[in-house]
Each structure stands twice: as C-alpha cells, then as structure tokens.
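To start, the structure itself, in structure tokens.
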Amino acid sequence: MNREDEVKNEIEQLEEYDPEIYTLTDDDGNELHFALLGTLEHEGAVYKALVPVNEKGEEESDEYVILKYGVDENGEEILETIEDDDEFDRIADIFDDEFSDIFYDEN
C-alpha cells in the first residue's frame, strides 16, 4: 500500500468515527461539549475519558479529561471529578495504556 492509499484509509476511518457527545455544565453554568473516548469499569466504579469538542463535534484539544460516573440522590446520572489523587492516577494510567495500545496499533 502506498502512502496515498494509507492517507485515504486513515481519512475513511476518521469519517466513520461518530463519537457519543456529552454536554456538561461547569460550576459557572457554562455548557461544554465532550466526545467520549472510552469507558472503563474498575473496582466497581465506572469512569469515562472525554475530549473537549466544539459544537460541530471537532476536537478542541489533544488532552482528555477523566470523570467518574455516578447517580445523584434524585437518581439522575452524573459525571463528577475524581477527588482522590491516587484513584485518579490509577485510572489515568489504565486509560493511557489503553490509548497507547490503540494508537500504536493504528500506526
């Protein structure tokens, strides 16, 4: 496969990528949009890796955030910041390993 064919293949794969978009509200009431990169269940908890996107769904950053999935007192699904540094570091390491495997496989 020549380089032109490789580029066309990569473009086709990107065009097929249709991420789940989350609209979250920050503490100041601003709505922010994120695309789901991955979900992880670890030790009974669920975590989501999200990348900021604009209103068209285009990525705005190379960095992603990790939020913990939960349910509030009203039974509503919520995503919240991981307050415990050790917990965050463990989950970030797992996501980093997962993503490095994916990106390594693509090359």
Side-chain angles (χ1 to χ4, degrees):
M1 180 180 289
N2 65 33
R3 181 66 183 141
E4 185 176 333
D5 290 337
E6 289 176 13
V7 170
K8 286 180 184 178
N9 189 26
E10 288 177 22
I11 291 171
E12 287 172 6
Q13 288 177 352
L14 289 173
E15 288 173 351
E16 291 174 13
Y17 176 64
D18 188 23
E20 186 173 341
I21 302 294
Y22 288 79
T23 301
L24 305 177
T25 305
D26 67 11
D27 293 336
D28 297 326
N30 301 312
E31 285 190 350
L32 306 168
H33 306 284
F34 294 87
L36 179 66
L37 293 177
T39 300
L40 168 69
E41 186 173 339
H42 183 71
E43 296 180 356
V46 176
Y47 304 89
K48 297 192 180 275
L50 305 162
V51 65
V53 295
N54 61 26
E55 292 169 358
K56 296 178 184 177
E58 300 163 337
E59 288 184 17
E60 293 187 324
S61 174
D62 290 337
E63 296 184 15
Y64 61 92
V65 297
I66 300 171
L67 299 173
K68 189 173 187 177
Y69 171 84
V71 178
D72 69 11
E73 61 275 355
N74 298 321
E76 297 287 322
E77 295 178 350
I78 59 171
L79 292 173
E80 54 192 350
T81 304
I82 301 170
E83 299 295 334
D84 181 272
D85 290 340
D86 291 333
E87 177 185 10
F88 179 84
D89 290 342
R90 279 192 317 273
I91 300 307
D93 286 344
I94 295 170
F95 271 121
D96 285 345
D97 288 345
E98 257 185 48
F99 295 150
S100 69
D101 287 345
I102 291 169
F103 293 122
Y104 177 78
D105 288 345
E106 286 181 357
N107 295 325

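- Between Ile66 and Ala92 the shortest heavy-atom distance is CD1-CA, 3.5 Å.
- Distance check: Thr25 OG1 to Asp28 CG gives 11.0 Å after rounding to the nearest 0.5 Å.
- The two residues Pro52 and Glu63 come nearest to each other via the heavy atoms CD-O, 3.5 Å.
- Across every non-hydrogen atom of Phe99 and Gly38, the tightest pair is CZ-N, 4.4 Å.
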Donor-acceptor pairs are to be reported for all side-chain atoms of residues 73-84 against protein atoms at under 3.5 Å, with residues two or more places apart or in another chain.
{"from": "Glu77", "atom 1": "OE2", "to": "Tyr69", "atom 2": "OH", "distance (Å)": "3.0"}
{"from": "Asp84", "atom 1": "OD1", "to": "Asp86", "atom 2": "N", "distance (Å)": "3.1"}
{"from": "Asp84", "atom 1": "OD1", "to": "Glu87", "atom 2": "N", "distance (Å)": "2.6"}

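- Atoms CG and CG, on Leu50 and Leu67 in that order, are 5.5 Å from each other to the nearest 0.5 Å.
- Rounded to the nearest 0.5 Å, atoms OH (Tyr47) and OG1 (Thr39) are 13.0 Å apart.
- Sorted by first and then second residue, the salt bridge (Lys or Arg N to Asp or Glu O under 4.0 Å) pairs with a member in residues 43-58 form an empty list; sequence neighbours excluded.
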